[in-house]
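First comes the structure, then the notes that go with it.
Keep in mind that this is a model prediction, so the values were computed, not measured. Residue indices begin at 1 and follow the sequence shown.
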Amino acid sequence: MPVTVLLVDDEPLVRAGLRAVLEAQPDIEVVGEAADGAAVIPLVRRLRPDVVAMDVRMPLMDGIEATRALLRTVGEPPKILVVTTFENDEYVYGALRAGADGFLLKRARPAEIVHAVRLVAEGESLLFPASVRRLAAEYGDGGDRAARAVLERARLTGREAEVLRLMARGLSNAEIAARLVVGTETVKSHVSAVLAKLGARDRTQAVITAYESGFVAPG
């Protein structure tokens, strides 16, 4: 089954470029387009895409609010990949905090665009971990009370805490398994436990909580 993608951007040329790059891949299918975040929810309900590639800045409803609305109202929501002009942008970090699974630069090379969509769809690695760390260092609050309370309530085991730290460094499940000398399925079980305890829908949100709470330093 191909990875299905919905493109949301107010610039037709950006949508056309992304469509051309993605549809050149045999395992990716663009199922729809929209020019503003306000159109996302009805399209997601009708098309059920695996991934929404969405501009962070749009005139009526930006990517942050569209992300919040989508996760709040749609059951089993798709993965959300924020598309942005600037990497070091407070809007990008706001979108990640709101629930986006990763971000993609508009100037990215075709191979990077394809890799980002596949990686977000798979959900077993953190997309651009170094960039997420930089964003957390500049815009995050390592003493965020809400995030700290979430982490305290989670009561992670020692091994789960170790897995969360490795997730924050961007290691995939296979890389974590090699580092801890355990099986990949064991790592998957630990990751699932971490997400459940933190109330995070994916590893990106778990890592954001780790940074916001001060559990992991972004440097």
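Separation of atoms CD (Glu124) and OG1 (Thr184) is listed at 8.5 Å; rounding is to 0.5 Å. Note that the CG atom of Leu119 and the CG atom of Leu104 stand 11.5 Å from one another [nearest 0.5 Å]. Rounded to the nearest 0.5 angstrom, Asp62 CG and Tyr91 OH are separated by 6.0 Å. From Leu156, atom CG reaches atom NZ of Lys197 across 6.0 Å, with rounding to the nearest 0.5 Å. A distance of 4.0 Å separates OG1 in Thr85 from NZ in Lys106, rounded to the nearest 0.5 Å. Between the CD atom of Glu212 and the OH atom of Tyr93 there is a distance of 3.5 Å, given to the nearest 0.5 Å.
With Gln25 as the fixed residue, the side chain to side chain contact (heavy atoms under 4.5 Å, CB included) test singles out one of Ile28, Leu22, Val21: Ile28. Checking Val52, Asp50, Ile80, Val30 one by one against Leu6, the side chain to side chain contact (heavy atoms under 4.5 Å, CB included) holds for a single residue, Val52.
Side-chain contact check for Phe103 versus Val56: every heavy-atom pair is 4.5 Å or farther apart. At least one side-chain heavy atom of Pro78 sits under 4.5 Å from a side-chain heavy atom of Val44. Side-chain contact between Leu164 and Leu198: present, with at least one pair of heavy atoms (C-beta onward) separated by less than 4.5 Å.
Criterion: ILVMFWY side-chain heavy atoms under 4.5 Å apart, direct or through other members. Under it, Leu105 and Leu7 are not part of a common hydrophobic cluster. Hydrophobic clustering (side-chain heavy atoms under 4.5 Å, transitive across Ile, Leu, Val, Met, Phe, Trp, Tyr) keeps Met58 apart from Met61. Under the 4.5 Å side-chain heavy-atom criterion for Ile, Leu, Val, Met, Phe, Trp and Tyr, Leu47 and Ile41 are members of the same hydrophobic cluster. Residue Val74 is grouped with residue Val8 when hydrophobic side chains (ILVMFWY) are merged at heavy-atom distances under 4.5 angstrom, including chains of intermediate members.
For Gln205 (side chain) and Ala100 (main-chain N/O), a donor-acceptor pair under 3.5 Å exists by modelled atom type. The main-chain N or O of Ala168 is found under 3.5 Å from a side-chain atom of Tyr211 such that the two form a donor-acceptor pair. In terms of modelled atom types and a separation under 3.5 Å, the side chain of Arg15 and the main chain of Asp9 share a donor-acceptor contact.
Counting heavy atoms of neighbouring residues, nucleotides and ligands inside a 6.0 Å radius, atom CZ of Arg19 exceeds 12 of them.
The ring-ring contact (aromatic ring centres under 6.0 Å, His included) test applied to Phe215 returns no partner, not counting sequence neighbours.
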Arg165 and Glu162: CA distance, side-chain angles, deciding distance, salt bridge (Lys or Arg N to Asp or Glu O under 4.0 Å) verdict | CA-CA 5 Å; Arg165 290 190 180 94; Glu162 192 173 10; over 6 Å; no
